[in-house]
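Working notes for the structure below.
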Amino acid sequence: FGSSSPSKSLASHCSATRPAPPSAVAMSSAGEFDYDLFTIGGGSGGVRGSRWAASQYGAKVAVAELPFQLVSSKFEAGGLGGTCVIRGCVPKKLLIYGSHLREELADARGYGWSVPEDFKPEVDWDKLVQAKNAEVTRLNGIYKKLLDGAKVEFHEGYAKVVDAHTVEVGGKRFTSKYICVATGSRAVVLPVPGSDLPGVITSDEALALPKRPDVLVVVGGGYIAVEFAGFFHGYGTEVHLVYRADLPLRGFDEDVRSHLSQMLAAKGIHVHSGENPASIEATGDGKLLFKTDKGTEVVADNVMFATGRKPNSSAMGLEEAGVALDERSGKVLVDEYSRTNVESIFAIGDVTDRMALTPVALMEGMAMARTMFGDEPTKPDHENVPSAVFSQPPIGSCGLTEAEAASRYGSVDVYLTTFKPMKHTMPTGRGDEEKILMKLIAVSEGKEAAGRVVGCHMVGSDAAEMMQGIAIAMKAGATKATFDATVGIHPSAAEEWCTMRTKTRTTAAKNAAL
């Protein structure tokens, strides 16, 4: 969940070395290069951009990617589909589906089903992980078929950039008119004492654990941290969530952050806010003793670091080829067209750290192909991109936070509601941990774009499903009057978006805390 500011900061850097915007170019003449486009990285963005260039514009395209493995490594293990398909969005969501079943069975009592009070279902972890692995392996094969169907050539191995038009894979060199860097990002482990011990893991290993941990410490307050904390808790693990801020999900709307924090605690997750990891020690019996700077100690089976991801740009020849990288983060600097300061080299997806979302990488890939081969220079549009956090309960967001909106437009009207979902008005006993929050932000009267809805945020069941439709309305420029004039579907939680007519507050720019 990045911002578009990095690409803006690069614009001046790029314009100093070549004209902007870039003009569309014709494909390389036969024999001048081995390929028209060579993409390094076979994740969602790289595959989409490559397929699009080949199938829509007739370009000769190749993709390089590491051999398939469930757990990645820098130089040896990866796989077509990338992080999202193999060790990210897809397997995570599959495990999240299963983690809800225990509470769904408990909810049945509130609906008259005879479920024994001492009934405690146990998950067959090995069976669960094997089923997840089978689906991920199937999808990896699908990605290869997609490349084959578009006549994109595949080279398996570690790829490096040699120069502006040359890529090396496994000791063999290929020339290309254009090169696309789509190598994604890698999980970061904080360098605290003991962080290299067996049992200390990242999201990669967490999705492939051979045994469900009885006790798990998750370090971090971002979306990966709260998602993994949620589904491991759902399967019966005692989860301790440790983060340094007062609230989780830095960068999200403040009401969303506060509400989710309350729901996590209500569900029984042990939340340790305002704490930092101090050390990890082996206890001698296969366990880990985790300590924080505030004196908290937890004996756990695993400690999972979800403390951010770093662009995967090192040791691949980019700097030697003259490609500009951010000195601090390592992200590849690109302009509005995903082009680096080297005219023939582009970069898309998480390696650019603009907005780390799979659908955004897909969009960037298609825009890049159109710029290269479609005689239509195209900027990917990062405005009003919807996103979801599959925490428990989940979050859906589109547009600006309250503080961002007030700062941009001068003044905004806020409409906010919280309520118990209809499902839990029956005696499930879980109403307090499933409360829904909905928040709509519109530009105040008297301001430019008055009435336009510029932010929608939700915490609660089906948040992601609702937000996809709301994003379409926001992309079309919907106003608060548009929402008010829309007839809701009853009975549903979604109808609340059409019935929030009482303003909660007005926030001016001077009062917005960014």
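- One finds a salt bridge joining E364 and R354 here, because a Lys/Arg side-chain nitrogen approaches an Asp/Glu carboxylate oxygen to under 4.0 Å.
- With hydrogens and angles disregarded, no donor-acceptor distance shorter than 3.5 Å links the side chain of T401 to the backbone of D253.
- Checked by atom type, the side-chain pair S329/D326 shows a donor-acceptor distance below 3.5 Å.
- No more than 12 heavy atoms of other residues, nucleotides or ligands shown are found within 6.0 angstrom of CZ on R250.
- Atom NZ of K435 sits in a sparse spot, with 12 or fewer heavy atoms from other residues, nucleotides or ligands closer than 6.0 Å.
- Within a 6.0 Å radius of CD in E104, other residues, nucleotides and ligands contribute more than 12 heavy atoms.
- T479 contributes a side-chain N or O that, together with a main-chain N or O of T482, makes up a donor-acceptor pair within less than 3.5 Å.
- Listed for the R339 side chain is no donor-acceptor partner under 3.5 Å among the backbone atoms of F346.
- E135 meets the side-chain hydrogen bond (donor to acceptor under 3.5 Å, both in side chains) test with R138; sequence neighbours excluded.
- The number of heavy atoms from other shown groups lying within 6.0 Å of NZ (K310) does not exceed 12.
- The shortest heavy-atom contact between V219 and T307 is O-CG2, 3.5 Å.
- For the pair S44 and C84, the minimum side-chain heavy-atom distance is below 4.5 Å.
- The closest side-chain donor-acceptor pair between R87 and S203, if any, does not fall under 3.5 angstrom.
- Between I224 and R309, the shortest heavy-atom contact is CD1-CD, 4.0 Å.
- For the 3.5 Å distance criterion, the side chains of T428 and R430 fail to qualify, holding no donor opposite an acceptor.
- Although no hydrogens or angles enter the test, the distance criterion places a donor-acceptor pair under 3.5 Å between the side chain of S55 and the main chain of R51.
- At least one side-chain heavy atom of M355 sits less than 4.5 Å from a side-chain heavy atom of V360.
- For D148, the CG atom counts as densely surrounded, since its 6.0 Å shell holds more than 12 non-hydrogen atoms of other residues, nucleotides or ligands.
- Heavy-atom contacts from other residues, nucleotides or ligands closer than 6.0 Å to CE of M422 number 12 or fewer.
- For the 3.5 Å distance criterion, the side chains of H424 and E434 fail to qualify, holding no donor opposite an acceptor.
- The shortest side-chain heavy-atom distance between I395 and Y223 does not fall under the 4.5 Å cut-off.
- Take R244 and apply the side-chain hydrogen bond (donor to acceptor under 3.5 Å, both in side chains) test, not counting sequence neighbours, and it matches no residue.
- Listed for the T340 side chain is a donor-acceptor partner under 3.5 Å among the backbone atoms of I345.
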Original post:
Could you go step by step and tell me if R186 and D204 meet the salt bridge (charged side-chain N to carboxylate O under 4.0 Å, His left out) rule?
Top reply: CA-CA 9 Å; R186 296 187 56 76; D204 271 27; 5.2 Å; no

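- Pairing each heavy atom of A182 with each of G46, the nearest pair is CB-CA, 3.8 Å.
- In this structure, K447 forms no cation-pi arrangement with Y409, as its terminal cationic atom is not both closer than 6.0 Å to the ring centre and no more than 45° off the ring axis.
- In summary, the side chains of S258 and S261 do not present any donor paired with an acceptor at a separation below 3.5 Å, with no hydrogens or angles considered.
- Looking at heavy atoms from C-beta onward, V226 lies out of side-chain contact with F390 at the 4.5 angstrom threshold.
- For the pair S391 and E227, the tightest heavy-atom approach, listed with the atom from each and the gap, is N-CG, 3.9 Å.
- In this structure, the side chains of I86 and F68 come closer than 4.5 Å at one or more pairs of heavy atoms.
- Residues M438 and L440 have side chains not in contact (no heavy-atom distance under 4.5 Å, counting atoms from C-beta outward).
- A donor-acceptor pair is defined here as one N or O able to donate and one able to accept, closer than 3.5 Å; no such pair exists between the side chain of T83 and the backbone of G88.
- Formation of a donor-acceptor pair under 3.5 Å by the H457 side chain with backbone atoms of G396 is not found in this model.
- Neither side chain, E65 nor Y143, offers a donor N or O lying under 3.5 Å from an acceptor on the other.
- Looking at heavy atoms from C-beta onward, E433 lies out of side-chain contact with Q392 at the 4.5 angstrom threshold.
- The aromatic rings of F232 and F228 lie tilted to each other, with the angle between the two planes from 30° to 60°.
- Under a 4.0 Å N-O distance rule, the pair K439/D255 qualifies as a salt bridge.
- The pair D107-K423 meets the salt-bridge criterion, with a side-chain N (NZ, NE, NH1 or NH2) lying under 4.0 Å from an Asp/Glu carboxylate O.
- Under a 4.0 Å N-O distance rule, the pair E383/R408 qualifies as a salt bridge.
- The minimum heavy-atom distance linking S99 with F231 is given by the pair CB-O, 3.5 Å.
- N312 and S185 share no side-chain donor-acceptor pair at under 3.5 Å.
- Of all non-hydrogen atoms in V454 and M474, the two that sit nearest each other are C-CE, 3.6 Å.
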Which pairs of donor and acceptor atoms, one on a side chain in residues 411-419, lie under 3.5 Å apart (sequence neighbours left out)?
{"unit_1": "S411", "atom_1": "OG", "unit_2": "S444", "atom_2": "OG", "d": "2.9"}
{"unit_1": "D413", "atom_1": "OD1", "unit_2": "S444", "atom_2": "OG", "d": "3.0"}
{"unit_1": "D413", "atom_1": "OD1", "unit_2": "T506", "atom_2": "OG1", "d": "2.9"}

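- With no hydrogens or angles considered, a side-chain donor-acceptor pair links T202 and E205 at under 3.5 Å.
- With Q468 contributing its side chain and E465 its backbone, the two residues share no donor-acceptor pair below 3.5 Å.
- Contact annotation: the side chain of S397 never approaches that of P386 to less than 4.5 Å [non-hydrogen atoms, C-beta and beyond].
- A donor-acceptor pair is defined here as one N or O able to donate and one able to accept, closer than 3.5 Å; such a pair exists between the side chain of T378 and the backbone of E376.
- Comment: K420 does not engage D432 in a salt bridge, judged by the lack of any side-chain N to carboxylate O separation of less than 4.0 angstrom.
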